[in-house]
Amino acid sequence: MLRYLVQRVLYALLALLVVVTVTFLFMHAIPGGPFQREKALPEAVKKNIEARYKLDQPLHRQYLDYLSHLIRGDLGPSFKYRGQTVNDIIRERFPVSVELGTAAILIALLFGVPAGILAALHQNRFPDHVVMFFSTIGVAMPSFVIGTLLMYYLSYRWGLLPSSMWGSPKHVIMPAIALAGLPMAFIARLTRSSMLEVLGQDYMKTAVAKGLPRLRILWVHGIKNAIIPVITYLGPLVAGVLTGSFIVENIFAVPGLGKHFVTSIYNRDYTVILGVTVFYCVLLIGANLLVDLIYPLLDPRIQLGAGKEQV
Amino acid sequence: MRKSLLITALILGLVLVAAGCGPTADSEEMVVTYNVGTEPETLDPALMTGIPEFHMTLQLYEGLTRLDEDNHPQPACAESWDISDDMTEYTFYLRDDLKWSNGDPLTAADFEFAWKRAVDPEMGADYCYMFDLIEGATACYEGEGSPDDIGITVVDDQTIKVKLQSGAPYFLDLTSFPTYYPLHQETVKADNEGWHLKPETTIVNGPFKLEIREPGRLEYVPNENYWDADAVKLDRLIFTMVEDISTELTMFENGEVDMTHEVPGAEIPRLKEEMPDELNIFPYLGTYYYIFNCQRKPFDDVKVRKALTLAIDRKAICEEVTQGGELPAFAYLPPGITDVADGSDFREVGGNFYEENVEEAKSLLAEAGYPDGEGFPSFEILYNTHDMHKIIAEAIMEMWKTNLGITGVTLTNQEWGTYLDTRDEGNFDVARAGWIGDYVEPNSFLDMWKTGGGNNNSQWGDARYDEIITELVTLADPKDRMPLMHEQEEILMRDMPIMPVYYYTSPMMVNKKLKGYLYLTTGGLDFKTAYMDK
């Protein structure tokens, strides 16, 4: 187990190094730079700014410099938001994204999983059709449409919720639902198909034959097995949702981290591009690792690090 | 795609119901919320460059002068000044008892400190060139001179003397500009990078002071230590940073903000009908134009450039395509710049330079060797990725095709940074561009077209034009300057390295009750004397 963990962490570090390197190279390959302005700057001024942010040094120096700071957890100063460091930006924005993301994941799970089970238990009957209908809509309808409709009805027409911005629990509701739409629908479908598969297993028939109570069969033998694909999906979902969604954040003016993933590239804000990428990577790797650690608890057949011995 | 769907969804909804306003908060406090539309890049006056930041700092600070609604500098921190006859020496006399928001006395040395900080090469301030006029400043940021040699002298706590390289009447305008704001030395020295990030260390000298700064929000309250505190009527001024303009409009219609920073073009016809008192179309000192690459065939021929310029219908573009109240441009400089006489306008004095005329355009094109567009080489229109630029380019392409028979035009869009790079390299045929004046003087638009200048992407040049630029440096009196600048515009419009399309305007939604704020044509909003009418 410990060996497995150490191995995973080492792989993770390697992956991180690859990501940083590739991002660094691509980023510098895009035309334009962080201090290119519509109104051209006098040469001396441009030189001063570049010197201040060490952009006048050769690329390999900049790269090594970045790595040495990264090891110490220093993501560097933002070029666009002068006076702020990338660490500041993440520290300020990430809690907002966590709040929104957690709400979205909870909504997705609380509605998605029961809906999937319900559909599986009533396969090809009315509840199944209803769930499948809505989950199809959920998968097909982009978050900005859900968001705009919510805003129009809940805020503009009925005045129940503030239309946008952040600060109170009321502000969380609409963006969280908009963000939860797709994962909720996906989780419902995932749960349904996996539940159907489980229901058809021999051990389920055995359990019924043994005369176990229906609820117990469903819980112990059914749901616990059927949930595994959902847990697998949860890894990348958590990382994705926690770092925010550019579109939902933009519509509802949520000051989360998602915005910086996109705008930092437009701004050629090199340190922010690298910083948020590294941050996302760490989250993704961490979430996947966590998911892997949860598997054995749900299914004793899964043994961590035993992959090679199995046939 | 995203935005157009969003707008469709919104319109769909809005068509279903007549406009009804959401709940509005009723409170004793007089609060104004302005959606400035973007997070500030920085609130350090020395480093800031954008208009949103200009809005945010204009309420917090005050320079030696402050602009009035006609963009004329008025006494602010300085109560009065003396100007030497050759306009090279300015002596400013500060008001008695000027104070910082924390009660510390504000002295002439705070100005000197802030100005010298801005030209310090290590600061890497974009706008350090705003000090070019002051003796020794350029040498300082170029790393060749010492800050001690800059022509700024603190005579005593209330007197500051500035020595200019050459006489310039617009120096008084400059002293109202953010880069010229004074700074509270103690807090800035304690944390040169981050002092402006926290309300506790943002010590200011303007009508308001910073109370809350959080992601997406700034809140100001009146600064009781401001010299003219009695003129300030609002109890609270809030800046929000909602970027999506459809959301912003919903917020306005819900009563959540009192002023928006933009209005979606597609909504303007509806708003004109339904909310005519709230929809304001302000002038904006800027021109939207196309640049011809004068080094490339066939655009090296002035006849071709002229033919293309005469063959588009600007009125149709403004009224049917952009719909934001823009004004068709028949010259380069936008209206709103005072000419020699008080109250006269540079644009009116200069008049229009051309009229749209398809027949004339056709014959010019034939003279250039392309009768009815025959044999006209195919070329590209370059623009930065944006729905608005796209539909304008499509309209212009269509007009050239219908009116001149020019086919083979393709549209190329590039993301902003890439587009700037391409334009700077001169790697285009025809490119979209826009220019917003930094200060209200024709020079702010004209000196960029200097041969080989950093902003002159047209690759065009004219000896007489450059000569005037040099001449202007030594001239201070508008009576001498204006005729020369009219001549410059004439040269520019004779050679047509650029094709003006329209003069910008700035449509905004403003709460009917909001009064007393100043809108400056360079884009500034001054809330010093704003109030809500009961």
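Residue numbering restarts at 1 for every chain, and letters A, B, ... go by the order of the sequence lines.
- Atom NZ of B/K116 sits in a crowded spot, with more than 12 heavy atoms from other residues, nucleotides or ligands closer than 6.0 Å.
- Here the closest non-hydrogen pair linking B/G216 and A/P255 is N-CB, 4.2 Å.
- For a residue to count as touching a neighbouring chain, one of its non-hydrogen atoms must lie under 4.5 Å from one of that chain's; by this rule B/W435 touches chain A with the side chain only.
- Of the inter-residue distances, the one linking A/Y266 atom OH with B/N384 atom CG reads 11.5 Å to the nearest 0.5 angstrom.
- Of the two parts of A/R93, only the side chain, counted from C-beta on, holds a non-hydrogen atom closer than 4.5 Å to a non-hydrogen atom of chain B.
- Between B/E256 and A/S155, the shortest heavy-atom distance links the atoms OE2-OG, 4.1 Å.
- Here the side chains of A/K259 and B/E243 are in contact, with some heavy-atom distance below 4.5 Å.
- Your options are B/D44, B/T42, B/D126, and the one with the most heavy-atom pairs under 4.5 Å with chain A is B/D126.
- Donor-acceptor pairing under 3.5 Å is recorded for the side chains of B/E253 and A/Y156.
- Under the side chain to side chain contact (heavy atoms under 4.5 Å, CB included) rule, B/N254 has a single partner from A/S163, A/P162, A/S164, which is A/S163.
- The shortest distance between side-chain heavy atoms of B/Y129 and A/L41 falls below 4.5 Å.
- With rounding to the nearest 0.5 Å, the separation of CD in A/Q36 from CZ in B/R423 is 9.5 Å.
- Contact tally against chain B (heavy-atom pairs below 4.5 Å) for A/Q84, A/M151, A/K80: the top residue is A/K80.
- Here the side chains of A/P31 and B/Q414 are not in contact, with every heavy-atom distance at 4.5 Å or above.
- To the nearest 0.5 Å, atoms SG (B/C128) and CD1 (A/I49) are separated by 7.5 Å.
- By number of non-hydrogen pairs under 4.5 angstrom with chain A, the leading residue of B/M123, B/E425, B/M448 is B/M123.
- With hydrogens and angles left out, the side-chain atoms of A/N48 and B/E122 include no donor and acceptor closer than 3.5 Å.
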- Task: Could you go through the side chain to side chain contact (heavy atoms under 4.5 Å, CB included) check for B/E41 and A/N267 one step at a time?
- Result: CA-CA 11 Å; B/E41 288 177 9; A/N267 297 332; over 6 Å; no
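- When heavy atoms are compared at a cutoff of 4.5 Å, B/D191 does not approach chain A at all.
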- Could you give me the CA-CA distance, side-chain angles and deciding distance for B/E193 and A/R52, then say whether salt bridge (charged side-chain N to carboxylate O under 4.0 Å, His left out) is met? CA-CA 12 Å; B/E193 296 285 313; A/R52 188 168 200 261; 2.3 Å; yes
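- Applying the 6.0 Å contact sphere to CZ of A/F134 captures no more than 12 heavy atoms from other residues, nucleotides or ligands.
- For the residue pair B/T49/A/R82, the side-chain donor-acceptor check at 3.5 Å is not satisfied.
- Annotation: the span from A/I247 atom CD1 to B/D244 atom CG amounts to 10.5 Å, rounded to 0.5 Å.
- Here the side chains of B/L420 and A/R37 are not in contact, with every heavy-atom distance at 4.5 Å or above.
- The side-chain heavy atoms of B/T247 and A/F252, taken from C-beta on, include no pair separated by under 4.5 Å.
- Under the 4.0 Å criterion applied to side-chain N and carboxylate O atoms, A/R268 and B/E415 are assigned as salt-bridge partners.
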